[in-house]
Asker: 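After the structure tokens below, expect a handful of questions from me.
In what follows, chains carry the letters A, B, and so on, assigned in the order in which the sequence lines appear, proteins first and then strands, with residues in each chain numbered from 1.
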Number of protein chains: 2
Amino acid sequence: MPRFTHPRLDDVPLDLALHALADPNRLGMIARLAATQQLSCTGAAPCDSIPKSTLSNHLKLLRAAGLIETKQAGREMINTLRRAEFDQRFPGLLDAVLANNLY
Amino acid sequence: MPRFTHPRLDDVPLDLALHALADPNRLGMIARLAATQQLSCTGAAPCDSIPKSTLSNHLKLLRAAGLIETKQAGREMINTLRRAEFDQRFPGLLDAVLANNLY
DNA sequence: CTAACAGTTCAATATTCCCGAACTATTAAA
DNA sequence: TTTAATAGTTCGGGAATATTGAACTGTTAG
């Protein structure tokens, strides 16, 4: 049974956060999550051509960067943006990224 | 003679810019360049343990991301931040990064 | 000239990323 | 109940990237 670990935002270094965002697919997912309240893993996918193992890895990375929270609900995993926490840790960063994200 | 190519900022995708910033050494260099008007390559180095070929590659990457401009002056290369242009292309991004950069 | 300097380029190694295959867990259907 | 389908994770090996020592280019100081 998958149990996810979510870092405290204080433990997330800036370069890790930037690295998590520095990918078109992950940017797409973050944009979707920002526009929606919560999404399943496949629901967060930026397109349907991306393999699910890859998708899973992207989400793991976003989790490790403190960007999303994942909890199990039935057989789905529900992902949500940790927006308030992330914004407090890195003020203005996510806003700037989302404002420029044309994906 | 090394002649550098600098992209138009319009041609720099967001994920490339983020990728360029998503590294502690490059963040250190950008912070230095933001604090100083111009720096040689070795002068921009975040520490002196980093090999110069690595340093050269980091600077090439920052150049490709539209973050810095490099021109030759004698036998040195003078690097400057393309701050105004970058800010116009990605409003608030560099500010957010520099504000959170503790390196 | 010659030597030293500032940095680039190249190529080999090390690291990271991607994705198919196999797996776990949960629920819907028969 | 089983059985099958769904939703996702994990693992491993090949592909792609990054790092860095060595050799090189171009510039200036002596």
Asker: What is the distance, to the nearest angstrom, from the CG atom on A/Leu55 to the C1' atom on D/dA7?
Answerer: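 Checked: the CG to C1' distance equals 11 Å.
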Asker: Can you tell me how far P of D/dA22 sits from CG of B/Asn57, to the nearest Å?
Answerer: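 That distance rounds to 17 Å.
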Asker: Return the nearest nucleotide to the side chain of A/Gln72; candidates are C/dC18, C/dA25, D/dG21.
Answerer: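 For the A/Gln72 side chain, the nearest candidate turns out to be C/dA25.
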Asker: Do the charged groups of B/Arg83 and B/Asp95 touch, with an N to O distance under 4.0 Å?
Answerer: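 A salt bridge is present here (some side-chain N lies under 4.0 Å from a carboxylate O).
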Asker: Quick one: the side chain of A/Ser56 and the base of D/dG8, do they pair up donor-acceptor inside 3.5 Å?
Answerer: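 No, the side chain and the base share no sub-3.5 Å donor-acceptor pair.
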Asker: Whether A/Thr54 contacts C/dC19 is assessed here as follows: a side-chain N or O lying under 4.0 Å from the phosphate OP1 or OP2. Is that the case?
Answerer: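 Yes.
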Asker: Round to the nearest Å and state the distance from B/Lys60 atom NZ to D/dT17 atom P.
Answerer: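 The distance from NZ of B/Lys60 to P of D/dT17 comes to 14 Å, rounded to the nearest Å.
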Asker: Taking the side chain as every heavy atom from C-beta outward, state whether A/Glu69 and A/Glu85 have any atom pair closer than 4.5 Å.
Answerer: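 The answer is no; the side chains never approach within 4.5 Å.
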Asker: Extract from the structure each pairing of a protein N or O with an N or O of nucleotides 3-6 of chain C at less than 3.5 Å, listing the distance.
Answerer:
| unit_1 | atom_1 | unit_2 | atom_2 | d |
| --- | --- | --- | --- | --- |
| C/dC5 | O4' | B/Arg75 | NH1 | 3.3 |
| C/dA6 | O4' | B/Arg75 | O | 3.2 |

Asker: With hydrophobic residues grouped by side-chain heavy-atom distances under 4.5 Å, do A/Leu55 and A/Ile78 end up in a single group?
Answerer: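 Different clusters: A/Leu55 never reaches A/Ile78 through Ile, Leu, Val, Met, Phe, Trp or Tyr contacts under 4.5 Å.
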Asker: Would you mind classifying the nucleic acid contact of A/Arg26 as base, sugar-phosphate or nothing, using non-hydrogen atoms under 4.0 angstrom?
Answerer: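 Result for A/Arg26 = nothing.
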Asker: Are the side chains of B/Arg89 and B/Asp10 in contact, using a 4.5 Å heavy-atom criterion?
Answerer: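 With C-beta onward as the side chain, the pair touches.
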Asker: Report the distance from atom CD1 of B/Ile68 to atom P of C/dG7, rounded to the nearest whole Å.
Answerer: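 Roughly 12 Å, once rounded to whole Å.
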Asker: Rounded to whole angstrom units, what separation is found between the CG atom of B/Asp23 and the C1' atom of D/dA18?
Answerer: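 Rounded to whole Å, this separation is 10 Å.
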Asker: Both A/Gly74 and A/Ile50 contact DNA chain C. Taking the nearest nucleotide for each, which residue is further toward the 5' end?
Answerer: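 Nearer the 5' end of the strand: A/Ile50.
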Asker: Look at A/Arg3 and C/dA25 and indicate whether a side-chain polar atom (N or O) is within less than 4.0 Å of OP1 or OP2.
Answerer: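 No, outside the criterion.
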Asker: Let me confirm one number: the CG-CG distance from B/Leu33 to B/Leu62, rounded to the nearest 0.5 Å.
Answerer: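 One finds 8.0 Å between CG of B/Leu33 and CG of B/Leu62.
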Asker: Please report, rounded to the nearest Å, how far the P atom of D/dT20 is from the CG atom of B/Leu61.
Answerer: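 Interatomic distance, CG of B/Leu61 to P of D/dT20: 14 Å.
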Asker: Just the rounded figure in Å: distance from P of C/dC18 to CG of A/Leu59.
Answerer: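 Taking CG of A/Leu59 and P of C/dC18, I get 13 Å after rounding.
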Asker: Within a strict 4.5 Å, meaning less than it, do heavy atoms of the B/Val97 and B/Ile30 side chains meet?
Answerer: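 Heavy-atom side-chain distance check fails, nothing below 4.5 Å.
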Asker: Starting at the 5' end of DNA chain C and moving along, which residue's nearest nucleotide shows up first, B/Ile78 or A/Pro51?
Answerer: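 Final value for this comparison: B/Ile78.
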Asker: At under 4.0 Å, does any side-chain N or O of B/His19 touch on OP1 or OP2 of D/dA18?
Answerer: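 Checking B/His19 against D/dA18: at least one side-chain N or O falls below 4.0 Å of OP1 or OP2.
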Asker: Is it true that A/Leu67 and A/Leu61 fall in one hydrophobic cluster, defined by side-chain heavy atoms closer than 4.5 Å?
Answerer: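 Different hydrophobic clusters.
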Asker: Please state how far atom NE2 in A/His58 lies from atom C1' in C/dC18, giving the value in whole angstrom units.
Answerer: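 So the NE2-C1' distance, A/His58 to C/dC18, works out to 8 Å.
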